[in-house]
Novice: 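Quick one: the structure is below, questions incoming.
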Amino acid sequence: MDRDAMAQVSDQLSALRQELTEYADGIRPVSPDNVKLLAAADGLRNLLEMVWQQPITFRGEQRSVTGPFVVSRLRVDEVMGRATGVSVDAAEAGTVESQTEAGTVGESGTLEGVRIGTLGRAPDQRPQEPAREPGNDVVDRDGRPSRP
């Protein structure tokens, strides 16, 4: 567990837990059309993945293995040379989350949040996405349709 991450997101986790409690306890019905519920569940998953530093798959969910899960938080007061949060040279797939902050980046300084040389497969090597089945659509945090 990343204790620093937990300290940062504990209030958000508590709020999402409170928002989802009645669904988890069976008091309120769960509906795949409830955009607010889906956004809250996705937000909770994202925060828990950040704290536990590993992907979380819900019971009954078909979620492909996504490879390594990398979380980087780089905070510096001043950059005079080069500072990079995440640098990846090759990987079949994976998930990268990066927060990069600097008070000052000097004239000769470079600040990079993420620099990736091949993380996923090349577009022509990606497997074909299976056809969607009616009723299995999900939405992202902004309410846009997405695939789990």
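All values derive from a computational prediction rather than experimental measurement.
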Novice: Can you name the residues that form a salt bridge (charged side-chain N to carboxylate O under 4.0 Å, His left out) with R82, not counting sequence neighbours?
Specialist: E112

Novice: Quick check: does any side chain N or O of S108 sit under 3.5 Å from a backbone N or O of M80, one acting as donor and the other as acceptor?
Specialist: yes

Novice: Extract all donor-acceptor atom pairs below 3.5 Å that involve side chains of residues 22-30 and protein atoms in other chains or at least two apart in sequence.
Specialist:
| from | atom 1 | to | atom 2 | distance (Å) |
| --- | --- | --- | --- | --- |
| Y23 | OH | N34 | ND2 | 3.2 |

Novice: Any heavy-atom pair between the side chains of L74 and Q99 that's under 4.5 Å?
Specialist: no

Novice: Within the side chain of S31, is there an N or O that forms a donor-acceptor pair under 3.5 Å with the backbone of D33?
Specialist: yes

Novice: Taking all non-hydrogen atoms of both residues into account, name the closest pair between V9 and M50 and its distance.
Specialist: CG1-CE, 3.1 Å

Novice: Return yes if some donor-acceptor pair links the side-chain N/O of T21 with the main-chain N/O of R17 below 3.5 Å, else return no.
Specialist: yes

Novice: With a 4.5 Å heavy-atom cut-off, do T100 and V76 have their side chains touching?
Specialist: no

Novice: Give me the atom names and distance for the closest heavy-atom approach of A102 to V79.
Specialist: CB-CG2, 4.1 Å

Novice: Closest approach of V51 and L13, non-hydrogen atoms and distance?
Specialist: CG2-CD1, 4.4 Å

Novice: Please identify each residue that fulfils salt bridge (charged side-chain N to carboxylate O under 4.0 Å, His left out) with E101, with sequence neighbours left out.
Specialist: R75

Novice: Would a single hydrophobic cluster contain both L44 and M6, if residues Ile, Leu, Val, Met, Phe, Trp and Tyr are joined by side-chain heavy-atom contacts under 4.5 Å?
Specialist: yes

Novice: Would a 4.5 Å heavy-atom cut-off, applied to side chains only, mark D77 and T104 as touching?
Specialist: no

Novice: Ignoring hydrogens and angles, tell me if any N or O in the side chain of D42 forms a donor-acceptor pair with the backbone of L38 under 3.5 Å.
Specialist: no

Novice: Between atom CG of L16 and atom CG of N46, what is the distance when rounded to the nearest 0.5 Å?
Specialist: 10.0 Å

Novice: Can you confirm whether K36 sits close enough to E19 that some side-chain heavy atom of one is under 4.5 Å from a side-chain heavy atom of the other?
Specialist: yes

